[in-house]
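Worksheet: one structure, shown below.
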Amino acid sequence: MFRIVENGIVYEINGYGEKREIGKIAKLKLSIEHPERMLGISRVKSVILYDEQGDELMNDQNIVDNQEYYSDNDLINEIAKHYNISKDLICLV
């Protein structure tokens with residue numbers, strides 16, 4: 001089984017391709033990396049999604065890549081757009 005996110009909701013997909021809702025994203029913890037030799041560049045270090053009870057829905061490693069952003073704000077905007085959530089749900093760690 002694996003998990004996906006669509007429109008701010010986390011789903012679990014079973015071996016038959018059936019989708020079951022796990023929960024709605026109420027909080028997203030974002031860790032940003034600033035490579036030492038690349039001044040002015042921001043990258044996603046980690047993204048963890050939580051529900052309203054504070055339970056972890058998903059540690060999304062699929063979004064952790066070497067995509068470069070020129071500011072933390074650009075990165076936050078892209079994360080909010082990717083998950084279709086408000087920027088207000090994103091907290092930096």
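Start at 1 with the first residue, then count along the sequence. We use all heavy atoms of the structure for the numbers below, so side chains are in, but hydrogens, waters and symmetry mates are not. None of these values were measured; they are calculated from a predicted model.
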Please report, to 0.1 Å, the donor-acceptor pairs under 3.5 Å made by any side chain of residues 29-39, with sequence neighbours excluded.
from  : atom 1 : to    : atom 2 : distance (Å)
His34 : NE2    : Asp72 : OD1    : 2.8
His34 : NE2    : Asp72 : OD2    : 3.4

(message) Taking the basic N atoms (NZ, or NE/NH1/NH2) and the acidic carboxylate oxygens, is any pair closer than 4.0 Å for Lys19 and Glu6?
(response) yes
(message) Quick one, Glu78 and Tyr69 - any side-chain contact, counting heavy atoms below 4.5 Å?
(response) yes
(request) Using a strict 4.0 Å threshold on nitrogen-to-oxygen distance, state whether Glu68 and Arg43 make a salt bridge. (result) yes
(message) Suppose the criterion is salt bridge (charged side-chain N to carboxylate O under 4.0 Å, His left out): which pairs have a residue in residues 53-64, not counting sequence neighbours?
(response) none
(request) Could you grab the distance from atom CG of Leu49 to atom CG of Leu89, nearest 0.5 Å is fine? (result) 10.5 Å
(message) Please determine whether residues Leu57 and Ile9 belong to a single hydrophobic cluster, defined as Ile, Leu, Val, Met, Phe, Trp and Tyr linked transitively by side-chain heavy-atom distances below 4.5 Å.
(response) no
(request) Could you tell me whether the side chain of Met58 reaches within less than 4.5 Å of the side chain of Val10, counting heavy atoms only? (result) yes
(message) Any heavy-atom pair between the side chains of Ile25 and Tyr83 that's under 4.5 Å?
(response) yes
(request) Using the side chain to side chain contact (heavy atoms under 4.5 Å, CB included) rule, take Val44 and Gln67 through it: C-alpha gap first, then chi angles, then the decisive distance, then the call. (result) CA-CA 8 Å; Val44 175; Gln67 177 70 39; over 6 Å; no
(request) Can you establish whether the number of heavy atoms outside Glu52 located under 6.0 Å from its atom CD is more than 12? (result) no
(message) Working note: Ile90 + Ile85, criterion side chain to side chain contact (heavy atoms under 4.5 Å, CB included); need CA distance, chi angles, decisive distance, verdict.
(response) CA-CA 9 Å; Ile90 300 173; Ile85 61 171; 4.1 Å; yes
(message) Do Val47 and Asn62 make a side-chain contact, defined as non-hydrogen atoms from C-beta onward lying under 4.5 Å apart?
(response) no
(request) Would you tell me whether Gln61 and Asn59 have side-chain atoms, one donor and one acceptor, within less than 3.5 Å of each other? (result) yes
(request) Consider only side-chain heavy atoms of I, L, V, M, F, W and Y, link residues closer than 4.5 Å, and tell whether Val5 and Ile76 are in one cluster. (result) yes
(request) For the residue pair Tyr70 and Ile41, establish whether any side-chain heavy-atom pair is separated by less than 4.5 Å. (result) yes
